[in-house]
Amino acid sequence: MPDRAPQPVDRQLPSDEARDLISLVRDIAQHEIAPKAAEEEGAGHFPREVFTLLSRTGLLGLPYASEHGGADQPYEVYLQVLEELAAARLTVGLGVSVHTLSSYALATYGTKEQRVEHLPAMLGGGLLGAYCLSEPSSGSDAASLRTRAVRDGEDWVITGTKAWITHGGVADFYTVMARTGEEGPRGITAFLVPADAEGVSAAAPERKMGMKGSPTAQVHFDGVRVPDSRRIGDEGQGFAIALSALDSGRLGIAACAIGVAQAALDEAVGYATGRQQFGRPIADFQGLRFMLADMATQIEAGRALYLAAARLRDAGRPFAKQAAMAKLHCTDTAMKVTVDAVQVLGGYGYTADFPAERYMREAKVLQIVEGTNQIQRMVIARHLAGPETR
């Protein structure tokens, strides 16, 4: 087993409050999350109690306004919190990112009355959210979604199926994109749907390669009736809301990816400095030293990239291109670093007795969620060269 404890990441934080926040997160990660991570992931246990704790300590609403239960933290700080949580257990880090994504539509586009009514419970009242955009037949082509909402007096009746929903079946509310008008992106509207509404149900969770503790499931809406007061934004504005949310959500995925990569690097360094072969630590061999150096460099580059994008967002400047770059680079980095970590551990890296194999399995999904890395390349190219000609 590794005999060198990993050193905390040396973070550049904008305030004493942010430093205290990171210290709190590290304490929770060390004592409440990491010790149970391997066992609970193996058993497929969703740690709802951890999310309750995070809500109680104010960590589920960090980038949102304090007047509605948030913490007024810049994205620069919020993302570093995500990184710390994901390093302890990706199910938790990604879960916080998804909850933040699910709260975005109401926090950003909701009316004052909607924010006052719903946000305190969503951000600090113990509720957990899920984001419903993808469907069985519309993933990357999200604008072709088929779930429909039909106006009926002062209500909307929602019918359809959403797919690949993180927290499907365990969430307390769903932010749902549904078609209310014409085909294409302009016919989509956003709704806030309570999970206990009549007609809402979830299929059995998907059987996944990794992140087995985080339920991913189809969610069915069978004539679900919601009042117009739960419509978010204008009719037909839903797809624009969804894309805006994803720009921020991709930064969350980038930060989670760097957290997983950092955990894998820490495991590899600890093992390499403790494992003896040929009478000395294997970390003495140049081949492994260079691997560790490359892993660390890629992680630092990824962290700098997601923080640069976050600082643009915090300054109110355009950041969509940089968010796509960060999601692309950081998740590709997580995949490479975790594969290399398994290699450093050799045969032990391939066993479940060490966490390296879990990190590798978990890293893969980060290249897929919230826009595959092929989609990120398309987004970046459009910013560089304009839309594709048809």
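Bear in mind that the values here come from a model prediction, so they are computed numbers and not experimental data. FYI, side chains are in, hydrogens and waters are out, and symmetry mates aren't considered; it's all heavy atoms of this structure.
A salt bridge links E183 to R146: one of the charged nitrogens lies within less than 4.0 Å of a carboxylate oxygen. Checked for salt-bridge contact, D16 and R19 meet the test: a charged N lies under 4.0 Å from a carboxylate O. Under 4.0 Å is where a charged nitrogen must lie from a carboxylate oxygen, and between D172 and R48 at least one such pair does. A salt bridge does not link E76 with R313: none of the charged nitrogens is closer than 4.0 Å to a carboxylate oxygen. Note on K36 versus E39: no salt bridge recorded, every NZ/NE/NH1/NH2 to OD/OE distance being 4.0 Å or above. Between E84 and R26, at least one side-chain N (NZ, or NE/NH1/NH2) sits under 4.0 Å from a carboxylate O, which counts as a salt bridge. Salt-bridge annotation for R115 and E67: absent, with no side-chain N of the basic residue lying under 4.0 Å from a carboxylate O of the acidic one. Using a 4.0 Å cut-off between charged side-chain N and carboxylate O, R89 and E41 make a salt bridge. Using a cut-off of 4.0 Å between Lys/Arg side-chain N and Asp/Glu carboxylate O, E40 and K212 are scored as not salt-bridged. We find that D332 and K336 are not joined by a salt bridge, their nearest charged nitrogen and carboxylate oxygen being 4.0 Å or further apart.
Interatomic distance, L13 CG to D20 CG, rounded to the nearest 0.5 Å: 10.0 Å. Here the CG atom belonging to L101 is positioned 6.0 Å from the CG atom belonging to L246, to the nearest 0.5 angstrom. Atom CZ in R231 sits 6.5 Å away from atom CH2 in W156 (nearest 0.5 Å). In this structure, the separation between CG on L82 and CG on L251 is 10.0 Å, given to the nearest 0.5 Å. From Q322, atom CD reaches atom CG of L307 across 13.5 Å, with rounding to the nearest 0.5 Å. Within the model, atoms SG of C132 and CZ of F173 stand 10.5 Å from one another, a figure rounded to the nearest 0.5 Å.
Counted by atom type alone, T175 and Y104 present zero donor-acceptor pairs between their side chains at under 3.5 Å. D294 and Q298 share no side-chain donor-acceptor pair at under 3.5 Å. Using a 3.5 Å distance cut-off with no hydrogens or angles, the side chains of D222 and T159 do not pair a donor with an acceptor. E83 and Y306 form a side-chain donor-acceptor contact under 3.5 Å, judged by distance and modelled atom types alone. Using modelled atom types, one finds a donor on one side chain and an acceptor on the other under 3.5 Å when comparing K208 with T216. Using a 3.5 Å distance cut-off with no hydrogens or angles, the side chains of T189 and T180 do pair a donor with an acceptor. No side-chain N or O of E357 forms a donor-acceptor pair with one of T351 less than 3.5 Å apart. S201 and H220 form no side-chain donor-acceptor contact under 3.5 Å, judged by distance and modelled atom types alone.
Between the side chain of R289 and the backbone N or O of A283, at least one donor-acceptor pair lies under 3.5 Å. With hydrogens and angles ignored, the 3.5 Å screen pairs no side-chain donor or acceptor of R358 with any backbone N or O of A352. Here the side chain of Q114 pairs a donor or acceptor atom with the backbone of T111 at under 3.5 angstrom. Panel note: side chain R179, backbone A143; a donor-acceptor pair is recorded below 3.5 Å. Remark: the backbone N or O of T147 is paired with a side-chain donor or acceptor of E135 at under 3.5 angstrom. Checked by atom type and distance alone, the side chain of Q237 pairs as donor or acceptor with a backbone atom of D234 at under 3.5 Å.
Using a 4.5 Å cut-off on side-chain heavy atoms (C-beta onward), Q376 and T372 make no contact. Inter-residue side-chain proximity for L192 and H118 is flagged as met; some heavy-atom pair is nearer than 4.5 Å. Using a 4.5 Å cut-off on side-chain heavy atoms (C-beta onward), Y359 and Q262 make no contact.
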Residues F278, F285; criterion side chain to side chain contact (heavy atoms under 4.5 Å, CB included); working and verdict
CA-CA 10 Å; F278 305 101; F285 295 98; 3.9 Å; yes
Yes or no on side chain to side chain contact (heavy atoms under 4.5 Å, CB included) for L53 and E49, after CA distance, side-chain angles and deciding distance?
CA-CA 6 Å; L53 172 63; E49 68 283 357; over 6 Å; no
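Each of T338, V260, L292 was checked for a side chain to side chain contact (heavy atoms under 4.5 Å, CB included) with L265, and the lone residue meeting it is L292.
Ring centers of F51 and H167: under 6.0 Å apart, within the cut-off.
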